[in-house]
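Have a look at the structure below before the remarks.
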Amino acid sequence: MKTRLSKIPLRLASIAAGLALTAAPGVALAAVGIQGTLSNFDVFNDTASNAYGAELELEGVHSTDVTSTYPSHFNQILKTDFTNGAVFGTRIDYTGYNFNASFIAPTPGQSTNGHFCVNLAGCEHFGFALSAQPTATRYFWRDQNGARIGTVPMSVPNATWTYVPAVQNQPARLQAQIVVPQPEIPEAMLPDSVWVKAYITESDVPVKLEDLLSGNALIDNAKVETEWALLEGGVPDVAEADIGVNAEAVIRRYEYYKYTGPYDPTEHSPLSAFAGGEPPPGELGAFISANMVAANLAAPVPEPQTHALLLAGLGALAFASRRPLKALATAP
């Protein structure tokens with residue numbers, strides 16, 4: 001499996017994805033080979049307050065697109081549709097925490113391999129399976145009154161998948177893009193950057209949420225895709241991999257850690273000395289979360305013109321040049 005890691009501006013990535021997925025009328029998600037997406041993640045309560053609940057906000061999908069959620073330590077899980085102007089989505093609300101106490105206390109993070117929080121106080125394991133892809137994800141802890149704790153989402157990027165069918169002698173490719181979640185109301189400053197490690201594997205059968213746990217051979221046998229990379233606030237990281245002809249699912253596991261190095265005081269972009277290898281001294285902070293995501297693949301049957309449109313979309317990605325960070329942060 002060949003992989004390539006690159007960075008592209010968020011706005012240009014969205015434009016290219018639009019070219020690839022929506023340029024032809026009637027080209028739907030399933031038509032480009034993705035049948036459904038899954039996400040399982042561990043996350044610690046790194047706020048200063050006790051968390052009594054949680055909220056997962058998924059833009060661009062309806063509640064009927066949420067086919068399942070992973071069991072959790074909450075008495076109630078409620079899915080509701082929302083609209084905010086032209087934006088629509090689904091909120092998954094968790095209330096009634098019931099694991100050893102009625103709240104999740106603030107707890108320093110530690111590496112979990114993606115499932116340790118299933119049985120550990122101070123953090124929680126969330127999961128959801130979708131028949132469509134969200135355009136953006138934001139996750140918040142909630143206080144005793146049901147209000148969000150702070151305005152900045154948890155630093156848990158979720159993958160957005162793009163499938164490119166095999167053409168002539170070129171194998172099929174699957175692209176995963178992650179970006180630090182933005183606040184619901186954009187702020188002038190970029191969000192904090194995070195360190196990320198990435199692992200990848202593929203399966204010849206579709207996967208389910210309960211498969212995305214450590215102890216499953218699919219997860220334990222995953223190969224390192226990226227040892228260390230700095231996921232810069234506001235700038236997506238895109239990893240692309242060739243996939244086998246018999247692959248029916250691709251699984252990636254991401255581990256996120258806080259970036260504790262210096263920032264530009266004007267726009268909050270990182271001033272890291274990282275040049276590959278290990279993070280420089282003083283720049284690697286506490287563990288944030290482990291996120292295991294997967295895309296189940298469908299057999300695509302696009303028209304020939306659809307192939308051309310998909311390749312044109314990826315061409316736009318390949319030739320996109322990075323905009324200045326300040327412009328990216330303040331553009332309407």
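Just so you know, residue 1 is the first one in the sequence shown, and it goes up from there.
Summarising the hydrophobic clusters (Ile, Leu, Val, Met, Phe, Trp, Tyr; side-chain heavy atoms under 4.5 Å, direct or chained), the residues clustered with Y199 are V224. Residue F140 belongs to no hydrophobic cluster, having no ILVMFWY side-chain heavy atom closer than 4.5 Å to its own. Grouped by direct or indirect side-chain proximity (heavy atoms under 4.5 Å, Ile/Leu/Val/Met/Phe/Trp/Tyr only), V43 sits with F41, L56, L58, V61, V66, F74, I77, I92, Y94, Y97, F99, I104, F126, F128, L130, Y139, W141, I149, M154, V156.
In this structure T90 satisfies the side chain to side chain donor-acceptor pair (under 3.5 Å) test with no other residue, sequence neighbours excluded. Residues meeting the salt bridge (charged side-chain N to carboxylate O under 4.0 Å, His left out) test with D93, sequence neighbours left out: R142.
The main-chain N or O of I288 is never found under 3.5 Å from a side-chain atom of D46 such that the two would form a donor-acceptor pair. Between the side chain of D42 and the main chain of F116, a donor-acceptor pair closer than 3.5 Å is present. Side-chain atoms of H73 never come within 3.5 Å of backbone atoms of N100 as a donor-acceptor pair (strictly under, hydrogens ignored). In this structure a side-chain-to-backbone donor-acceptor pair under 3.5 Å is present from Q133 to W161. N216 places a side-chain N or O within 3.5 Å of a backbone atom of D211 that can act as its donor or acceptor partner. Formation of a donor-acceptor pair under 3.5 Å by the D204 side chain with backbone atoms of N246 is not found in this model. No donor-acceptor pair under 3.5 Å is formed between the side chain of N98 and the backbone N or O of S102. Side chain of D264 to backbone of T266: a donor-acceptor contact under 3.5 angstrom is found. The main-chain N or O of L218 is never found under 3.5 Å from a side-chain atom of N221 such that the two would form a donor-acceptor pair. Side chain of T162 to main chain of Q175: no donor-acceptor pair is present (N/O by atom type, distance under 3.5 Å, no hydrogens or angles).
P191 places none of its side-chain heavy atoms less than 4.5 Å from the side chain of P181. Considering only heavy atoms from C-beta on, K197 comes within 4.5 Å of W228 through its side chain. For the pair C123 and N45, the minimum side-chain heavy-atom distance is 4.5 Å or more. Side-chain contact between L213 and I219 is absent, with no heavy atoms from C-beta onward closer than 4.5 Å. Under the 4.5 Å side-chain criterion, counting only non-hydrogen atoms from C-beta, V293 is not in contact with T37.
A105 and N50 get closest at one heavy-atom pair: CA-OD1, 3.5 Å. The two residues I178 and L231 come nearest to each other via the heavy atoms O-CD1, 3.6 Å. When all heavy atoms of D192 and H268 are compared, the pair lying nearest together is OD1-NE2, 2.6 Å. The minimum heavy-atom distance between S214 and M292, with the atom names listed, is N-CE, 4.1 Å. Contact detail for Q182 and P153: the closest heavy-atom pair is O-CG, 3.6 Å. Considering every non-hydrogen atom in both A239 and E225, the closest pair reads CB-OE2, 3.4 Å.
Atom-to-atom distance recorded for S203:OG and E248:CD is 7.5 Å, nearest 0.5 angstrom. Note that NZ of K208 and OG1 of T67 are 11.0 Å apart. Values are rounded to the nearest 0.5 Å. The distance from atom OG of S193 to atom CD of E232, rounded to the nearest 0.5 Å, is 5.5 Å. Here the OG atom belonging to S63 is positioned 12.5 Å from the CZ atom belonging to R91, to the nearest 0.5 angstrom.
The hydrophobic clustering, which links ILVMFWY residues whose side-chain heavy atoms are closer than 4.5 Å, places I200 and I34 together. Linking Ile, Leu, Val, Met, Phe, Trp and Tyr residues whenever their side-chain heavy atoms come within less than 4.5 Å places L174 and Y254 in a single cluster.
For residues 152-161, there are no salt bridge (charged side-chain N to carboxylate O under 4.0 Å, His left out) pairs, not counting sequence neighbours.
With 3.5 Å as the limit, one finds no donor-acceptor pair spanning the side chains of Q177 and T160.
Residue Y263 qualifies as enclosed at atom OH: its count of foreign heavy atoms under 6.0 Å is above 12.
Between F287 and F44, the ring planes lie perpendicular to each other; the angle is over 60°, past the 30° to 60° tilted range.
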Quiz item: Can you list the steps and then say if R148 with E57 is a salt bridge (Lys or Arg N to Asp or Glu O under 4.0 Å)?
Solution: CA-CA 12 Å; R148 292 176 177 176; E57 187 173 82; 3.0 Å; yes
